[in-house]
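Both backbone and side-chain heavy atoms feed into the values below; hydrogens, waters and symmetry mates do not. Every chain is numbered from 1 and lettered A, B, ... according to where its sequence line falls, protein lines coming before strand lines.
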2 protein chains.
Amino acid sequence: MNIGEIAESCGLPAKTIRYYEEIGLVRPDRSENGYRNFSEQDAHKLAFLGRARSLGFTIEDCRTLLSLYQDQSRASASVKQIARGHLADIERKIEELQAMRRALQTLVTRCNGDDRPDCPILDGLSGD
Amino acid sequence: MNIGEIAESCGLPAKTIRYYEEIGLVRPDRSENGYRNFSEQDAHKLAFLGRARSLGFTIEDCRTLLSLYQDQSRASASVKQIARGHLADIERKIEELQAMRRALQTLVTRCNGDDRPDCPILDGLSGD
DNA sequence: TCTAGGGGTTCCAGCAACTGGAAGGTCAAG
DNA sequence: CTTGACCTTCCAGTTGCTGGAACCCCTAGA
């Protein structure tokens, strides 16, 4: 399969797939004409990567997960550890964002948003 | 004030303050010896920037907010618009993260995390 | 007077994970 | 034979810093 087809099938942009090859996540063969030639295995890997990335795993986590995926003698504990680490990161980020949201919401609510200069948002940012 | 003192007072690393100068957010004078010499005004600006950044505003938003802050004839509506846009971004990100969290949580819960290879997390990522 | 230290300066490289664009090769259809 | 849709490589840019090298400045102590 050419890169266009595979991109279509896994939902990743061709650019991204080339990038994944560059950093060694996939290693498609090449046809006579120099075009990348993806196998079904590659298609699977890329779909796997797409899902892992969409769950927010870093590229390095993806690399590890992929190798665990391909390692029949893995321990599921290794996978779970990575996933839980990532889950903790996500939860931390959610909390950070919620704190921002609360603070910002407070300021926004107080601001009239009219044509006058008086502005509680700027006041808040300037330290009152 | 030298960069060290100002960094101390606003809580931003000196590196960051130099970077802010580089991109034109502050323009401290220079002493005879070439050291940056920050005024009280600069201190205020940097504190403002620190707070805006900690609420997640982009640098470009900060630039705009700063100019509105210094513009006595601003309309508070302009400020509110930026803040609401940013709030919407934050809310979108929170939702994305929460979706990730839910999906990941489900997989993690199902995984035994023992020394056997059987792993619902990898199964989920591989598309079952 | 020398030296050590703790400031400060510039400039360059690198992070994550792509994305855009230029310049050009390949292929099938009309 | 040309057109257009593919594909290729390579380089630069994104965001907001951060680290490090190599160097200057200033003060205090031996």
Novice: I'd like a table of atom pairs between the protein and nucleotides 9-13 of chain C - only N or O on both sides, under 3.5 Å - with the distance next to each one.
Specialist:
residue	atom	partner	partner atom	Å
C:dT9	OP1	B:Arg36	N	2.8
C:dT9	OP1	B:Arg36	NH1	2.7
C:dT9	OP2	B:Arg18	NE	3.1
C:dT9	OP2	B:Arg18	NH2	3.0
C:dT9	OP2	B:Arg36	NH1	3.2
C:dT9	O5'	B:Arg36	NH1	3.3
C:dT9	O3'	B:Arg30	NH1	3.4
C:dT10	OP1	B:Arg30	NH1	3.4
C:dT10	OP1	B:Arg30	NH2	3.3
C:dT10	OP2	B:Arg36	NH1	3.2
C:dT10	OP2	B:Arg36	NH2	2.7

Novice: Counting only N and O atoms by type, is there a donor-acceptor contact under 3.5 Å from the side chain of A:Asn37 to the main-chain atoms of A:Met1?
Specialist: yes
Novice: How far does the helix from C:dT1-D:dA30 to C:dG30-D:dC1 bend, going by the axes of its first and last five pairs, to the nearest 10°?
Specialist: 30°
Novice: How many angstroms lie between atom CG of B:Leu107 and atom NZ of A:Lys80, to the nearest 0.5 angstrom?
Specialist: 11.0 Å
Novice: Just call it for A:Tyr20: base, sugar-phosphate, or nothing, with non-hydrogen atoms closer than 4.0 Å on any strand.
Specialist: sugar-phosphate
Novice: Would you say a side-chain N or O of A:Thr16 is under 4.0 Å from OP1 or OP2 of C:dT19?
Specialist: yes
Novice: B:Phe57 versus B:Thr64: any side-chain heavy-atom pair under 4.5 Å?
Specialist: no
Novice: Can you measure A:Asp61 atom CG to C:dA17 atom P for me and round it to whole angstrom units?
Specialist: 9 Å
Novice: If you take all heavy atoms of A:Leu55 and A:Ile90, which pair is closest and at what distance?
Specialist: O-CD1, 3.9 Å
Novice: Could you please name the option among D:dG16, C:dA17, C:dG8 that lies closest to any side-chain atom of B:Ile59?
Specialist: D:dG16
Novice: Considering only NZ, NE, NH1 and NH2 on the basic side and carboxylate oxygens on the acidic side, decide whether B:Arg116 and B:Asp118 come within less than 4.0 Å.
Specialist: no
Novice: Could you check whether any side-chain N or O of B:Gln70 sits under 3.5 Å from a backbone N or O of B:Ser67, counting only pairs where one atom can act as donor and the other as acceptor?
Specialist: no
